[in-house]
Amino acid sequence: MKPICFIAARGGSKGVHRKNIRPLAGKPLIAHTIEKSIESGIFSHVIVSTEDEEIARIAKNYGAEIPFMRPKKLASDSSSMNSVIIHGIKQLLSLGFEFEIMVNRDCTVPFIRNIDVIGSIRLLRKSKCDLVCGVYRQHHNPYFNMMEFAPNGFLKFSKKSKKLITSRQSSPIVYQLNGLFTFYIQQMLKYKKLYMPKTLPYEISEETGLMIDNEYEFQIAEMIATRNIKI
């Protein structure tokens, strides 16, 4: 049984206005993830969950399915991803879709390779965990070069370690999430949250895991997409 690809794309976007359908290399941003997912042959269905009519129309034009529209109450700034995914799973099951595994792909991470999507599915099945997160190793490290305010109003390192840390390289490994989540739907329905007890990382490169959250990152993505920078 093939997994289902789930792409959540609401109309509101604070960092970059109408980000999900803003053109990147001549196509709406969401189109890159839709087309990659369809062409991969990995999925039985590529589903887009949105409350926005324009996003729905564009998603359909590029081959995605919109079997339901997301309620507007699940498309606000305060809406949790947990609620959006659980709503999507329940809607699909009620409509007769048959699947065990869902791959949530964030369309703001357009360069993730299909080979890494396949790798995340294989790891989920092999390890019998609940969730596999696409990640890359982060050079900003809370044990070494990330600080926050202490109660006394002065800065302190975000995390403490029992051993003396003298360099970033000797710090504990930390990961940056990047919008690829592969999981068993029954576990998601059981725990009602994405980050479940048995969660494992699947490492991808920093370049292919670029997430577009602001204007600067959109410009980086445009350079990668249009200037044939190897990633």
Side-chain angles (χ1 to χ4, degrees), residues 3-25 27-38 40 42-43 45-52 55-56 58-59 62-66 70 74-77 79-89 101-121 124 131-136 138 175-183 185 188 193-196 199 201-218 220-222 224-225 231:
I4 275 181
C5 178
F6 186 79
I7 303 169
R10 69 187 182 101
S13 176
K14 300 301 181 185
V16 179
H17 181 65
R18 302 292 284 170
K19 174 175 59 179
N20 292 322
I21 54 174
R22 176 169 161 175
L24 174 70
K27 294 180 184 178
L29 179 60
I30 195 171
H32 295 271
T33 299
I34 291 171
E35 288 186 333
K36 272 188 177 180
S37 299
I38 293 172
S40 71
I42 299 169
F43 304 107
H45 303 274
V46 176
I47 307 293
V48 169
S49 167
T50 186
E51 88 298 354
D52 188 279
I55 291 177
I58 290 172
Y62 283 92
E65 298 175 53
I66 318 285
R70 193 197 310 179
L74 294 180
S76 68
D77 291 342
S79 302
S80 73
M81 196 62 192
N82 293 332
S83 298
V84 172
I85 292 175
I86 290 171
H87 172 264
I89 292 172
I101 293 172
M102 175 175 277
V103 177
N104 182 84
R105 297 192 65 172
D106 193 323
C107 64
T108 63
V109 192
F111 303 121
I112 289 180
R113 302 176 303 168
N114 285 325
I115 191 172
D116 291 322
V117 177
I118 293 170
S120 73
I121 296 168
L124 182 74
L131 168 70
V132 172
C133 299
V135 301
Y136 59 83
Q138 180 57 262
Y175 294 110
Q176 170 71 50
L177 297 169
N178 54 27
L180 171 65
F181 301 97
T182 303
F183 52 89
I185 61 167
M188 181 72 185
K193 59 182 181 180
L194 186 58
Y195 300 107
M196 293 174 272
T199 296
Y202 184 87
E203 285 195 49
I204 66 176
S205 71
E206 183 176 358
E207 294 80 9
T208 57
L210 173 69
M211 179 175 280
I212 304 170
D213 282 328
N214 54 44
E215 187 64 36
Y216 172 66
E217 289 163 344
F218 211 107
I220 293 174
E222 187 71 32
I224 292 172
I231 57 174

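Just so it is clear, the structure is predicted and the values come from calculations on it, not from any experiment. Here, residue 1 is the first one in the sequence, and each next residue gets the next number.
Checked options Asn104, Ile89, Val103; the residue passing with Phe6 is Asn104 (criterion: side chain to side chain contact (heavy atoms under 4.5 Å, CB included)).
When only modelled atom types and interatomic distance are considered, Thr208 and Ser205 share a side-chain donor-acceptor pair under 3.5 Å.
Taking CD1 of Ile86 as the reference point, atom CE of Met188 lies at 4.5 Å (rounded to 0.5 Å).
Residues satisfying the salt bridge (charged side-chain N to carboxylate O under 4.0 Å, His left out) criterion with Asp52, sequence neighbours excluded, are Arg18. For Lys193, there are no salt bridge (charged side-chain N to carboxylate O under 4.0 Å, His left out) partners, not counting sequence neighbours. For Ser80, the side-chain hydrogen bond (donor to acceptor under 3.5 Å, both in side chains) partners at least two apart in sequence or on another chain are Ser83. For His45, the ring-ring contact (aromatic ring centres under 6.0 Å, His included) partners are Phe97, not counting sequence neighbours. Residues satisfying the side chain to side chain contact (heavy atoms under 4.5 Å, CB included) test with Ala59, not counting sequence neighbours, are Ile34, Val48, Ala64, Ile66. By the salt bridge (charged side-chain N to carboxylate O under 4.0 Å, His left out) test, Glu35 pairs with Lys27, sequence neighbours left out. Here Tyr175 pairs with Val135, Arg137, Ile173, Pro201, Glu203 under the side chain to side chain contact (heavy atoms under 4.5 Å, CB included) rule; sequence neighbours left out. Residues passing the side-chain hydrogen bond (donor to acceptor under 3.5 Å, both in side chains) test with Thr33: none are found, sequence neighbours excluded. In this structure, Thr199 has no side-chain hydrogen bond (donor to acceptor under 3.5 Å, both in side chains) partners at least two apart in sequence or on a different chain. Residues that satisfy the side chain to side chain contact (heavy atoms under 4.5 Å, CB included) test with Ala75, not counting sequence neighbours, are Arg10, Glu51, Arg70. Take Thr50 and apply the side-chain hydrogen bond (donor to acceptor under 3.5 Å, both in side chains) test, not counting sequence neighbours, and it matches no residue. Scanning for side chain to side chain contact (heavy atoms under 4.5 Å, CB included) contacts around Gln138 gives Tyr136, His140, Val174, Gln176, with sequence neighbours left out.
Using a distance-only test at 3.5 Å, with no hydrogens or angles considered, no donor-acceptor pair links the side chain of Lys19 to the main chain of Leu29. For His32 (side chain) and Leu24 (main-chain N/O), a donor-acceptor pair under 3.5 Å exists by modelled atom type. Glu217 contributes a side-chain N or O that, together with a main-chain N or O of Asp213, makes up a donor-acceptor pair within less than 3.5 Å.
The two residues Ile101 and Thr182 come nearest to each other via the heavy atoms CG2-CG2, 3.9 Å. Counting all heavy atoms, side chain and backbone alike, Leu180 lies closest to Arg105 at CD1-CG, 4.3 Å. A pairwise comparison of heavy atoms in Leu177 and Cys133 identifies CD2-CB, 3.7 Å as the closest pair.
Taking the charged nitrogens against the carboxylate oxygens, Glu207 and Arg113 have no contact shorter than 4.0 Å, which rules out a salt bridge.
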